[in-house]
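Note sheet for the following structure.
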Amino acid sequence: MAKREIQIASAIERALTELGISPPEGGVKVERPARLEHGDYATSVALELSKQLGKNPRSFAQEIIETRAISEIPHLKGIELAGPGFINFRLMYSHLHESLLELLRQGEDDFARSELGHGEKIQLEFVSANPTGPLHVGNAWWASYGDAIKRVLERSGFNVKTEYYVNDTGGQIRTLGESLLARRSNQAPPEDGYQGEYVVELAKKYNGPDDVLEAGKFAVKENLAAIKASLLNLNINFDEWFSQASIEESGAVDETIEILASMGATYEKEGALWLEATRFGDNRDRVLRKSDGYFTYLAGDIAYHRNKFLVRGFDRVIDIFGADHHGQVASLKAAMSALGIEAQRLEILIGQMVSLVEGDRKVKFSKRAGNIVSMEWLVSELGPAVTRLLSLSSSLDRAAVIDIEEAKSTSMDNPAYYIQYAHARIASIFRVAESRGVLVRELAEVPLDLLKTPRELELIRTLISLPDVVDDAAISRAPQRIVAWLKSLASAFHGFYHDCPILAEGIEEDLLQARLQLAKATQIGLRVALFLVGIEAPEQM
RNA sequence: GCCCCUGUAGCUCAGCGGAUAGAGCAGUUGCCUUCUAAGCAAUUGGUCGUAGGUUCGAUUCCUACCGGGGGCGCCA
């Protein structure tokens with residue numbers, strides 16, 4: 001809850017105390033009603049408590065309203081008893097002006113920043129696509145998500161490190177090397193190899209020996225460079241690129257398996273070493289070391305996650321997996337439990353598959369078959385802002401459908417431009433103000449209380465809700481809430497811009513100054529929120 | 001068969017247990033001597049998959065069923 005809600009909630013708690021009633025478990029909830037006619041803030045506490053107290057909710061609400069504590073709520077203008085027992089609070093506009101002033105004093109660095117996370121150390125792993133080819137559209141989707149979650153968590157006071165786990169070892173690298181060598185000698189790649197055209201390009205650049213592993217390593221290096229470049233195109237940078245080979249070479253996998261074995265969590269069967277995962281909540285046991293002596297992917301992943309928790313000391317680890325890797329979740333959590341790490345500290349978010357349609361036609365893609373729709377292509381078609389906004393407009397849980405035709409054809413009235421345009425318009429106002437020699441007064445000299453038309457008040461209301469939205473997005477790992485807020489803020493601003501001229505003839509100097517400050521505050525809000533979703537705030541369009 | 005996600009306007013999607021369910025696109029219609037019309041305003045469009053349950057109150061939580069997607073390897 002934001003500051004104002006907390007003020008009111010604590011007043012209600014004092015009111016209950018006056019009446020000799022203990023507050024509900026989890027505290028009194030105060031919310032902002034969807035409709036303005038229901039007041040600025042409302043509580044349903046009377047409805048919640050009336051049954052256990054054997055009271056009529058409406059008369060109980062009336063008792064609360066009449067307490068001294070309620071009458072002392074700052075900025076209080078009126079109270080209403082509504083519906084089955086809601087208490088609606090109406091505040092004077094001064095509460096909005098006070099909050100606006102606070103926002104302006106905090107500025108871009110501090111507004112909507114909180115200490116919710118108390119510096120908790122979080123490691124956030126996402127994308128982690130195998131470096132066997134270019135990133136596809138789904139990777140772009142989840143990458144935008146992961147990056148935005150990082151930004152939002154940091155704003156809420158968490159200490160976040162992002163990481164890309166590079167699967168640079170194992171059978172797939174061998175397969176990749178085989179495919180490359182085949183292409184170099186102008187042959188078709190193996191049937192289960194990588195068929196993509198990009199392998200032909202890699203083969204042209206490769207002048208090493210006819211060695212599958214050498215060729216594979218070369219291809220990985222090249223692919224990884226391409227992956228980094230595409231992510232950078234989307235304004236995404238990782239703190240760490242963690243090599244799977246490095247963890248195997250360091251002996252950490254052996255070490256981890258020995259620990260699991262010493263704890264009696266493993267057994268041998270048919271020449272392989274198994275993890276007794278069923279004992280820890282998985283629905284089947286899992287192989288750690290194959291009968292050919294090689295470790296499974298899972299074994300490496302367990303060692304890697306052990307490293308995150310026990311070697312690097314993260315309090316919490318968040319992984320974002322694609323839905324096609326959902327099967328790993330139970331195994332990995334089981335392994336953590338077996339290692340004595342509470343499974344709750346490992347949080348795995350699943351990104352549902354992204355599909356493409358072009359008109360009525362479904363576009364299928366698969367990395368092995370080579371007909372992937374690359375992230376590179378998508379970003380070049382739509383631009384980074386539209387790509388990020390489109391992916392952050394829906395929840396990670398939903399299997400998104402992108403209509404390529406529509407994404408392209410509607411790009412001119414895309415919400416991304418709608419939001420960016422608001423920012424550009426504000427920048428333009430300040431450019432014009434400067435060119436006309438308008439002096440922007442010191443904040444303390446500006447009568448913000450002149451802002452009282454519905455447009456101005458609505459804009460302020462939307463603006464000051466951002467701190468709550470950010471914390472909520474952080475807790476729920478839901479950066480799409482920031483996008484929703486941006487859309488509503490842009491809408492409130494465009495309405496204000498249309499109806500409330502700032503620099504036009506006949507606008508009194510005091511009002512001009514107040515409106516300039518409101519524009520300034522909007523600029524701050526836009527810049528903060530656009531940064532959180534990784535979208536550029538343009539000065540002009 | 002088992003596990004995960006999902007079903008909201010013609011389409012793509014929001015929606016923190018609350019009051020009359022929202023946005024964009026698509027449709028219809030107004031507004032540029034003005035700080036950028038990439039804008040504003042009006043209007044059409046809904047049995048929130050179905051049936052139960054919990055609750056003062058359910059689109060939201062629980063159960064079952066029906067549709068859609070994904071996963072159930074000594075692949076990664």
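Letters A, B, ... mirror the listed sequences (proteins, then strands); counts begin at 1.
Among the atoms of the strands shown, none is found under 4.0 Å from any heavy atom of A/Ser476. As judged by a 4.0 angstrom heavy-atom cut-off over every strand, A/Tyr418 is placed among residues touching the sugar-phosphate backbone only. As judged by a 4.0 angstrom heavy-atom cut-off over every strand, A/Ser394 is placed among residues touching the sugar-phosphate backbone only. A/Ala519 comes within 4.0 angstrom of no nucleic acid atom, judged by non-hydrogen atoms across all strands. Within the 4.0 angstrom heavy-atom criterion, base atoms lie near A/Pro501. Counting non-hydrogen atoms under 4.0 angstrom, A/Ala330 reaches nothing in the nucleic acid.
Closest to the side chain of A/Val401, from the set B/C13, B/C35, B/G22, is B/C13. The listed nucleotides are B/A41, B/U6, B/A19; the one nearest the side chain of A/Ala42 is B/A19. When distances are taken from the side chain of A/His498 to each of B/C40, B/C35, B/G22, the shortest belongs to B/C40. Of the candidate nucleotides B/G15, B/A19, B/G70, B/G15 has the atom nearest to the side chain of A/Arg481. Ranking B/A14, B/G18, B/A76 by closeness to the A/Ser44 side chain, first place goes to B/G18. Counting only heavy atoms from C-beta on, A/Ser428 has its side chain closest to B/U36 among B/U36, B/A19, B/G70. Checked against B/A76, B/C74, B/G70, the side chain of A/Arg284 finds its nearest nucleotide in B/C74. Listed candidates were B/C56, B/C3, B/A19. Nearest to the side chain of A/His326 is B/C3.
Side-chain atoms of A/Phe242 and A/Lys308, non-hydrogen and from C-beta on, never get closer than 4.5 Å to each other.
In this structure, A/Ala504 and A/Asn283 both approach RNA chain B, and ranking their closest nucleotides by distance from the 5' end singles out A/Asn283.
Among the duplex regions that RNA chain B forms, those built from at least three successive Watson-Crick or G-U pairs under 3.5 Å are B:1-7 with B:66-72, B:10-13 with B:22-25, B:27-31 with B:39-43, B:49-53 with B:61-65, ordered by first number.
Per the geometry, NZ belonging to A/Lys51 stands 19 Å off P belonging to B/G18, to the nearest Å.
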Show me the donor-acceptor pairs, under 3.5 Å and distance only, between side chains in residues 496-510 of chain A and residues at least two apart or in other chains.
residue: A/Asp499; atom: OD2; partner: A/Arg455; partner atom: NE; Å: 2.9
residue: A/Asp499; atom: OD2; partner: A/Arg455; partner atom: NH2; Å: 3.4
residue: A/Glu509; atom: OE2; partner: A/Gln513; partner atom: NE2; Å: 2.9
residue: A/Asp510; atom: OD1; partner: A/Arg441; partner atom: NH1; Å: 3.1
residue: A/Asp510; atom: OD1; partner: A/Arg441; partner atom: NH2; Å: 2.8

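Residues A/Arg515 and A/Glu456 are paired through a salt bridge, judged by an N-O separation under 4.0 Å between the basic side chain and the carboxylate.
For B/C32, the base is syn relative to its sugar; the glycosidic angle is within 90° of 0.
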